There are 2 protein chains.
Amino acid sequence: MYSATDPLSTTLSALADPTRRALLARLSEGEATVNQLAEPFDITLQAVSRHLKVLETAGLISRGREAQWRPCKLETARLQEVDGWLARYRMFWEGSFDKMGAYLEEITKGDQNGSKN
Amino acid sequence: MYSATDPLSTTLSALADPTRRALLARLSEGEATVNQLAEPFDITLQAVSRHLKVLETAGLISRGREAQWRPCKLETARLQEVDGWLARYRMFWEGSFDKMGAYLEEITKGDQNGSKN
DNA sequence: ACGTTGATCAACGAAAGTGTTGAATATGTA
DNA sequence: TACATATTCAACACTTTCGTTGATCAACGT
């Protein structure tokens, strides 16, 4: 009954947590292991590990294997999807309502399923 | 312990639901009342009303008062914040890592609080 | 005043999210 | 082998979210 399973919902849900966004911010500066990532936080290592699992499930990070370490790496594809989703709304604050009309026509033709996207 | 309260988390959490995104998409085409907004969905009017409350609390919509109707209107400020948050990562897929370096320097100077943003 | 329409509030239950502790797994080192 | 390090798994508790039903509030029309 509950909890959306579509990719965009999964992504946004993963991003809706300050700890996870901080982890991504750290990863934007380079790869890191779980322990390195956990260091700045007051929560347990296990909790951080689970946050990373959420990010991985959402496709926001990927992980390698080097001995007992599992270095995490930022993946941008899902963030690009968020960026794409925003495009529709960006036109509002950019004031180009002509583009907006064109955009609306286009998506209702190709259809992007308004109730899922 | 639970549930982040910072504005960006609230916004992303509100967006992490396909029903609520569909409501925003509908509102991007113009203002609408609760009944009009609820019409395409299989859930109860009360459920839609609560989704709208979530969107309003997040600042993603505002509401007027016209007799017994409460017309909803899209507000873009919070979406712009999401857009701003994305900027840091956009540099990755745009391949301009020089800009990235400059960006990182700038934010660690002015500080944007990595653990909250 | 009365009934209708638009919308919200309140109480409930099921499911999911987040943190903790303690155990388990896997790899590297002495 | 034994031990330390890195990470994950499992069980538990508490909170939050989402949908439902039933009641309530507010403004309209007759």
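Predicted, not measured: the structure shown is a model, and the values here were computed from it. Throughout, protein chains are lettered first and strands after them, A, B, ... in sequence-line order, and every chain is numbered starting at 1.
Residues Leu74(A) and Leu60(A) fail the side-chain proximity criterion, which asks for heavy atoms closer than 4.5 Å.
The closest side-chain donor-acceptor pair between Ser9(A) and Arg21(B) falls under 3.5 angstrom. Side-chain contact of Thr33(A) with Arg70(A): a donor-acceptor pair under 3.5 Å is absent, judged by distance alone.
Atom C1' of nucleotide dA6(D) and atom CD of Glu39(A) are separated by 16 Å, given to the nearest angstrom. Following rounding to the nearest Å, His51(B) (NE2) and dT20(D) (C1') show an atom-to-atom distance of 13 Å. Atom CG of Leu52(B) is separated from atom C1' of dT8(C) by 11 Å (rounded to the nearest Å). One atom, CG of Leu45(A), and another, P of dA24(C), lie 18 Å apart when rounded to the nearest Å. The CG atom of Leu55(B) sits 13 Å away from the P atom of dT17(D) (whole-angstrom rounding). Between the P atom of dT16(D) and the CG atom of Asp17(A) lies a distance of 14 Å, rounded to the nearest Å. Straight-line distance from the CD atom of Glu66(B) to the C1' atom of dT5(C): 16 Å, rounded to whole Å. Nucleotide dC28(D) holds its C1' atom 7 Å from the CH2 atom of Trp69(B), rounded to whole Å.
Across dG28(C), dC9(D), dT7(D), the shortest atom-to-atom separation from the side chain of Lys53(A) is found for dC9(D). Nearest nucleotide to the Ala67(B) side chain, out of dA6(D), dC28(D), dA7(C): dC28(D). Of the candidates dC18(D), dT5(D), dT8(C), the closest approach to any side-chain atom of Ser49(B) belongs to dT8(C).
Contact between the side-chain N/O atoms of Asn35(A) and the OP1/OP2 oxygens of dT5(D) is not found at any separation under 4.0 Å.
Salt bridge annotation for Glu29(A)-Arg88(B): present, with a cationic side-chain nitrogen under 4.0 angstrom from a carboxylate oxygen. Salt-bridge check for Arg78(A) with Glu81(A): passed, with a basic side-chain N closer than 4.0 Å to an acidic carboxylate O.
The base of dG6(C) is not paired with the side chain of Arg70(B) by any donor and acceptor separated by under 3.5 Å. Put simply, the side chain of Arg50(A) and the base of dG17(C) share no donor and acceptor less than 3.5 Å apart.
Of all the heavy atoms in Leu27(A) and Ala32(A), the pair that sits closest is CD2-N, 3.9 Å.
Looking at which nucleotide of DNA chain C each of Ser13(A) and Asp42(A) is closest to, the 5′-most match is held by Ser13(A).
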Polar-atom pairs under 3.5 Å, protein N or O versus N or O of nucleotides 21-23 of chain C: list them with distances, or write none.
| unit_1 | atom_1 | unit_2 | atom_2 | d |
| --- | --- | --- | --- | --- |
| dG22(C) | O6 | Gln46(A) | NE2 | 2.7 |

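Looking at heavy-atom distances under 4.0 Å, Arg65(B) makes no contact with the nucleic acid at all. Using a 4.0 Å heavy-atom cutoff across all strands shown, Thr33(A) reaches sugar-phosphate atoms only and no base atom.
No side-chain donor-acceptor contact under 3.5 Å links Ser13(A) to the backbone of Thr10(A).
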